[in-house]
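Accompanying notes for the structure given below.
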Number of protein chains: 2
Amino acid sequence: MNQTTLQSSIAQISKTSDEDIALLVSCAVARKLKKGEPLLKEGDLCRSFYLVEKGYLRTWYNKNGVPINLSFTFEGHFISNLKSFKSRQPSDLTIEAGEPSVVWIFDLNTMAATYKAHPAITLFVRRLAIRVLLASEEHSSLFKMYTPAERYHYIEKNNPQLLQRISLSQLASYLGVTRETLSRIRAKSN
Amino acid sequence: MNQTTLQSSIAQISKTSDEDIALLVSCAVARKLKKGEPLLKEGDLCRSFYLVEKGYLRTWYNKNGVPINLSFTFEGHFISNLKSFKSRQPSDLTIEAGEPSVVWIFDLNTMAATYKAHPAITLFVRRLAIRVLLASEEHSSLFKMYTPAERYHYIEKNNPQLLQRISLSQLASYLGVTRETLSRIRAKSN
DNA sequence: ATTGACCTGTGACAATCGTCACAATCGCAC
DNA sequence: GTGCGATTGTGACGATTGTCACAGGTCAAT
């Protein structure tokens with residue numbers, strides 16, 4: 001398994017010594033996922049961070065039987081469910097592969113047992129938590145600041161890779177509209 | 001100035017020794033605010049956390065000349081603009097007193113200068129950051145999970161003090177609707 | 001008591017969105 | 001090529017919301 005992405009992704013969060021990076025690398029476990037295979041299911045307790053090496057992860061929840069997407073996490077980025085993580089409550093979210101993927105799993109239970117008070121690890125985890133929460137907040141601000149059409153054009157401008165890798169049906173729920181409405185928003189753009 | 005609220009609010013975030021709490025207390029500066037007086041203005045760089053001792057703080061941003069409320073922070077709770085804080089970018093939010101208030105200000109510039117590598121302070125700040133971000137995420141989930149009417153009923157059930165202390169006009173923008181729509185939602189509840 | 005500022009409710013109308021139904025297109029296995 | 005499933009576009013209709021306008025109520029200062 002190639003650890004280049006792993007090392008540079010860790011270094012991006014916490015600019016620390018090579019030894020500390022090696023220590024963090026040793027905490028990560030790689031896993032292959034088929035499309036649709038879950039890392040975290042609704043009802044599970046989240047105790048891990050996930051780093052995407054290849055493919056992407058889709059985070060969604062179940063609203064009256066309908067899946068609603070909250071985030072798509074691509075290569076080199078981390079995801080977790082901090083709410084479940086911090087409150088130690090069962091997750092109401094599911095995190096699963098959106099296509100055949102490879103991820104690195106940082107399990108906090110094993111990390112804490114092995115390197116309990118190691119400052120590099122605790123610092124890394126807290127920085128990562130803040131990073132993940134700020135990324136989630138950016139998505140939230142879409143809903144608070146923009147109308148559905150404005151949200152789509154924001155993505156079109158600021159995150160065009162989403163349009164290339166995600167189906168429009170998946171994107172619709174991410175933008176908080178039905179796929180029909182998204183289709184009409186796109187029709188008016190021409 | 002009464003420091004009881006200050007001490008217990010700090011202890012709630014970081015369960016640490018009395019000395020560390022005393023250290024953190026010494027970092028806080030009290031300030032009185034008139035209604036509408038701002039602590040953080042749009043364009044400012046946010047370098048502080050605010051703890052409400054009395055009254056409440058209203059966090060809002062300007063959408064095409066219209067103020068949109070993002071949060072109301074009451075006695076014993078903290079607020080900040082983490083996005084500006086972490087990215088060191090000018091704030092697009094304003095934090096101001098919603099009624100005559102007393103707040104404790106934790107200025108990170110002065111704290112960092114005095115106690116740079118003190119573990120109790122850095123731990124406290126990071127925990128606080130995560131706490132504030134998770135609180136913000138709870139408000140965000142209202143928008144992603146519920147319709148406007150469901151949002152109002154959620155507040156009615158889970159945060160009734162908001163209805164008692166905030167005018168309906170202020171609440172409307174917090175729920176992402178106009179005051180007329182909120183008025184109609186309330187009318188249908190009877 | 002009167003004024004004026006602010007808040008809340010409500011009616012009329014237009015715009016937007018969701019729902020349901022069905023057609024068109026695309027990709028892929030056979 | 002053929003067939004099938006998944007995806008996307010579109011039309012019709014109802015429900016919800018925003019906008020604009022105005023009425024009534026509350027409260028504090030004069």
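In the text below, chain A, chain B and the rest are named by the order of the sequence lines, each starting its count at 1.
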Can you tell me how far CG of L33(A) sits from CD of E99(A), rounded to the nearest 0.5 angstrom?
11.5 Å
Gap separating the CD atom of E137(B) from the NE2 atom of H139(A), nearest 0.5 angstrom
11.0 Å
If the condition is side-chain hydrogen bond (donor to acceptor under 3.5 Å, both in side chains), which residues does Q89(B) pass it with, not counting sequence neighbours?
none
Below 4.0 angstrom, which residues in residues 161-176 of chain B have at least one non-hydrogen atom near DNA chain C?
S167(B), L168(B), S169(B)
Using distance only, find each side-chain donor-acceptor pair of residues 17-29 of chain B under 3.5 Å and give its atom names and separation, not counting sequence neighbours.
| from | atom 1 | to | atom 2 | distance (Å) |
| --- | --- | --- | --- | --- |
| S17(B) | OG | D20(B) | N | 3.2 |
| S17(B) | OG | D20(B) | OD2 | 3.3 |
| D20(B) | OD2 | T16(B) | OG1 | 2.8 |
| S26(B) | OG | L23(B) | O | 2.5 |

Would you say [X]'s side chain and [Y]'s backbone share a donor-acceptor pair under 3.5 angstrom?
X      : Y       : value
S84(A) : L45(A)  : no
T94(A) : E42(A)  : yes
K63(A) : M145(B) : yes
S91(A) : D44(A)  : no

Using a cut-off of 6.0 Å, state whether more than 12 heavy atoms not belonging to [X] lie near its atom [atom1].
X       : atom1 : result
E138(B) : CD    : no
K41(B)  : NZ    : no
K34(A)  : NZ    : no

Rounded to the Å, how far apart are [X] [atom1] and [N] [atom2]?
X       : N      : atom1 : atom2 : result
L182(B) : dG9(C) : CG    : P     : 8 Å
K188(B) : dG9(C) : NZ    : C1'   : 14 Å
R179(B) : dG9(C) : CZ    : P     : 9 Å

Whether R186(B) contacts dG9(C) is assessed here as follows: a side-chain N or O lying under 4.0 Å from the phosphate OP1 or OP2. Is that the case?
yes
Please confirm whether the shortest side-chain N or O distance from S183(B) to OP1 or OP2 of dT8(C) is below 4.0 Å.
no
Between dC20(C) and E180(A), counting only base atoms on the nucleotide and side-chain atoms on the residue, is there a donor-acceptor pair under 3.5 Å?
yes
Do R184(B) side-chain and dG11(C) base share a donor-acceptor contact under 3.5 Å?
yes
Nearest to the A187(B) side chain among dT10(C), dC17(C), dT19(C), which nucleotide is it?
dT10(C)
Using the ring of each side chain (for Trp, its six-membered ring), is F78(A) parallel, tilted or perpendicular to F106(A), with breaks at 30° and 60°?
tilted
Taking heavy atoms of chain A and a 4.0 Å limit, find me the 5'-most and 3'-most nucleotide of DNA chain D within that range.
dT8(D) to dA12(D)
Five-pair end axes of the helix from dA1(C)-dT30(D) to dC30(C)-dG1(D) and the angle they enclose, rounded to 10°
30°
Among I68(A), T59(A), L182(A), I155(A), which residue satisfies the side chain to side chain contact (heavy atoms under 4.5 Å, CB included) criterion with Y174(A)?
I155(A)
What residues in residues 146-153 of chain B put a non-hydrogen atom under 4.0 Å from any atom of DNA chain D?
P148(B)
